[in-house]
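Remarks on the structure that follows.
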Protein chains: 2
Amino acid sequence: MTRPGVSVTNVAAYAGVSLGTVSNVLNRPERVSPATRARVLQAIEELGFVRNEAARQLRAGRSRTIGLIVLDTGNPFFTDLAGGVEKAASENGLSLVLCNSDEKSDREAHYLSLLEEQRAFGILLAPGVELPARVDEIRSRGTPIVLVDRGSSRTQCSVSVDDFVGGQLAIDHLLERGHRRIAFVGGPLGLNQVADRLRGAREALQRRGAGAEDITVVETEALTFASGRDAGERIAGLSVRRRPTAVFCANDLLAFGVLQVMTKQNLAVPGDVAIVGYDDIDFAAAAAVPLTSVRQPRTQLGQTATELLIEEATDSTTHKHRQVVFSPELVVRESSARKRSR
Amino acid sequence: MTRPGVSVTNVAAYAGVSLGTVSNVLNRPERVSPATRARVLQAIEELGFVRNEAARQLRAGRSRTIGLIVLDTGNPFFTDLAGGVEKAASENGLSLVLCNSDEKSDREAHYLSLLEEQRAFGILLAPGVELPARVDEIRSRGTPIVLVDRGSSRTQCSVSVDDFVGGQLAIDHLLERGHRRIAFVGGPLGLNQVADRLRGAREALQRRGAGAEDITVVETEALTFASGRDAGERIAGLSVRRRPTAVFCANDLLAFGVLQVMTKQNLAVPGDVAIVGYDDIDFAAAAAVPLTSVRQPRTQLGQTATELLIEEATDSTTHKHRQVVFSPELVVRESSARKRSR
DNA sequence: TGACGGCAATGAAACCTTTCATTCCGTCTT
DNA sequence: AAGACGGAATGAAAGGTTTCATTGCCGTCA
């Protein structure tokens, strides 16, 4: 058990070969005669040699790790997305580092720097409220970046789901079920995903024309369970006249929060308040009242993003930036069951 | 934007100073005169210099990154635990790499190698079924390892929650509520956490003495939502005579799966079948039927583990291995509400 | 027997940063 | 005015791996 780093040099000396040969055993074993190879392997074993990745990387100029920066590791949407990334990455011999920006731009910036300094193979970024200008700088210095869960202009690759359509789907559904006083729960509104879903919602309302009030927006601090409860409190606190008959939440975690408060306050879902969520995470079907939700192809999102990233990293010269947009899909469950007419 | 790595050497040349000075600006700015410092900083800015972490690491012999290997990134228990780790880590200027072993020992081994090759600052390991022998080797070569969510002998640090007690809590509660035919859902049984919870459950039953049948064990492939559904199907398929009146699940995800199937099959929870989960993840309170669960101090688990790891990494000579064991706590909700006597 | 080809093995150079002993230079002391 | 002092800057060395041009060797062929 040798403590201070056993290096190729030590292995070489121990096996009685040159260090170049050791390297060959490690990287192109077929070029080394079986006898020598065996000797070297045994030396490696006996000395407990462990490759130094830092040195390899230094030499190679690039690491074999993809960085994925997400808004919230606690949100199943992102862990499922990460699953897709990991799958595609490991198929290509790459590893994944998962970074949690917690919707905070300073943390996002921190991780961007960290990943660039580590010469990451590439970065997958689910940006927060603002897309940092540094993204372009970083890319121009040679670290490819693909945006996930957010569309972009032609100047970069991105993979997203059409949030505008998603918002429309949700509201069309609620209108069709007879709701006229609808609230939107989500935030921060600066977040593209949130803003687009709200735009889609408004569009659907307007297209419908008269009969429906403008949507009431309940802005939240984040897209979390806790924020959902806060929003739920606010909604439950309204007088019956002003209380919406349906709530469209910008994601499922919020919806769960709202749902929990409604139940606690003895408001029936969907009887008193219908709820539609967004993402259709696995738990949606298992919620107190199974949740109607707008489904996004999470795993595929991650996989596609990774493929684009690899493409960009591999042939940076011929590579053409692409913007992939998936379509969301409405999954109807009990939380928005038809209103009894009264 | 300079493509091929701008190095300290380039910065030094551009600023008209020696490379040692650039390094000083970067690491001990107070030792450099303000004028020179400004000049160097400007050079860095203009050239778009980015530190090469690999080279720093190579020099330092150690990285500033902690690796956390968990069984399932999709399980909120582990993401909450990761949150605690990240908090403690960032307070100490360390970063976190989150690795998902997916309960597979080959993936676990892969990440162990990867982290050792990267000369990680330390490794936090939530081991799968078997604790790999390599753990000791890796530690002896200088990479500290702390076990999380699993106790250990005196030869290493570990942070865990008393699963035996947790199992007892759950079963005592169900017995007290009048249940006599109880099933245990969990697996793989080789997993320490699962085995200990089951042992605790059995112990509680035996202590109770006559009147209660032995527990029925429904083994699952993993501690996931999907596995829970499988188990639920099996339980729902039993004849009324043989069907348990209560199910104790080795974690909340399983419980959700079971719950979903029960509901779908028109079995009332807790009327026909009571359910107790484990972990008390946030969703537990929001489930179809709010879930009774055994709470674990997840965040604190992560924080404490990180502190032990840092301690071990910092003074490896005087460091004494410690085994921290937290106590679980039962949180009673509707899913185990009192049985109506009939 | 001499030349050649091919396989194996070699080892210097490069990757980039940090450290630290050393040099330089201007100022203060006596 | 000479010497001592201290702050600032220097640059060589080290850290471990990979690459690749080169050397060494042996067998084969003419």
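FYI, side chains are in, hydrogens and waters are out, and symmetry mates aren't considered; it's all heavy atoms of this structure.
In this structure, V32(B) reaches the sugar-phosphate backbone alone: every heavy-atom distance under 4.0 Å involves primed, P, OP1 or OP2 atoms, never a base. When heavy atoms are screened at a 4.0 angstrom cut-off, N27(B) is found touching the sugar-phosphate backbone but no base atom. At the heavy-atom level, G20(B) lies under 4.0 Å from base atoms of the strands shown. Nucleic acid contact for V17(A): sugar-phosphate only, since backbone atoms but no base atoms lie under 4.0 Å from a heavy atom of the residue. As judged by a 4.0 angstrom heavy-atom cut-off over every strand, R28(A) is placed among residues touching the sugar-phosphate backbone only.
The CG atom of L47(B) sits 15 Å away from the C1' atom of dC16(C) (whole-angstrom rounding). Taking atom CG of residue L26(B) and atom P of nucleotide dT19(C), one finds them 11 Å apart after rounding to whole Å. The interatomic distance linking I44(B) (CD1) with dT17(C) (C1') rounds to 13 Å, in whole Å. Computed from coordinates, the N24(B) CG to dT10(D) P distance equals 10 Å when rounded to whole Å. Protein atom CD of E53(B) is 15 Å distant from nucleotide atom C1' of dC15(C), rounded to whole Å. Atom CZ of R56(B) and atom C1' of dT19(C) are 13 Å apart (whole Å). The CD atom of Q57(B) sits 14 Å away from the C1' atom of dT17(D) (whole-angstrom rounding). Between N10(A) atom CG and dG15(D) atom P the separation is 10 Å, expressed in whole Å.
Under 3.5 Å, the side chains of N192(A) and R150(A) contain a donor-acceptor pair of N or O atoms. Side-chain N/O atoms of Q156(B) and R139(B) include a donor and acceptor closer than 3.5 Å.
By the neighbour-count criterion of 12 heavy atoms within 6.0 Å, atom CD of E91(B) is densely surrounded, having more than that number from other residues, nucleotides or ligands.
Taking only side-chain nitrogens and oxygens, S33(A) comes nearer than 4.0 Å to OP1 or OP2 of dA9(C).
Between dT10(C), dG16(D), dT18(D), one nucleotide has an atom nearer to the side chain of A55(A) than all others, and that is dG16(D). The side chain of L58(B) lies closest to dG15(D), out of dA9(D), dG15(D), dT17(C). The side chain of S7(A) lies closest to dT17(D), out of dT19(D), dT17(C), dT17(D).
Along DNA chain D, the nucleotide nearest T21(B) and the nucleotide nearest R59(B) are compared for position; the residue whose nucleotide lies closer to the 5' end is T21(B). Nearest-nucleotide mapping onto DNA chain C: of N52(B) and R31(B), the residue sitting toward the 5' end is N52(B). Of the residues near DNA chain D, L19(A) and R37(B), the one whose nearest nucleotide (by heavy atom distance) lies more toward the 5' end is R37(B).
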Evaluation steps, side chain to side chain contact (heavy atoms under 4.5 Å, CB included), between L115(B) and T143(B): CA-CA 9 Å; L115(B) 289 170; T143(B) 304; over 6 Å; no
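Here the OG1-CG distance, from T65(B) to L96(B), works out to 8.5 Å after rounding to the nearest 0.5 Å.
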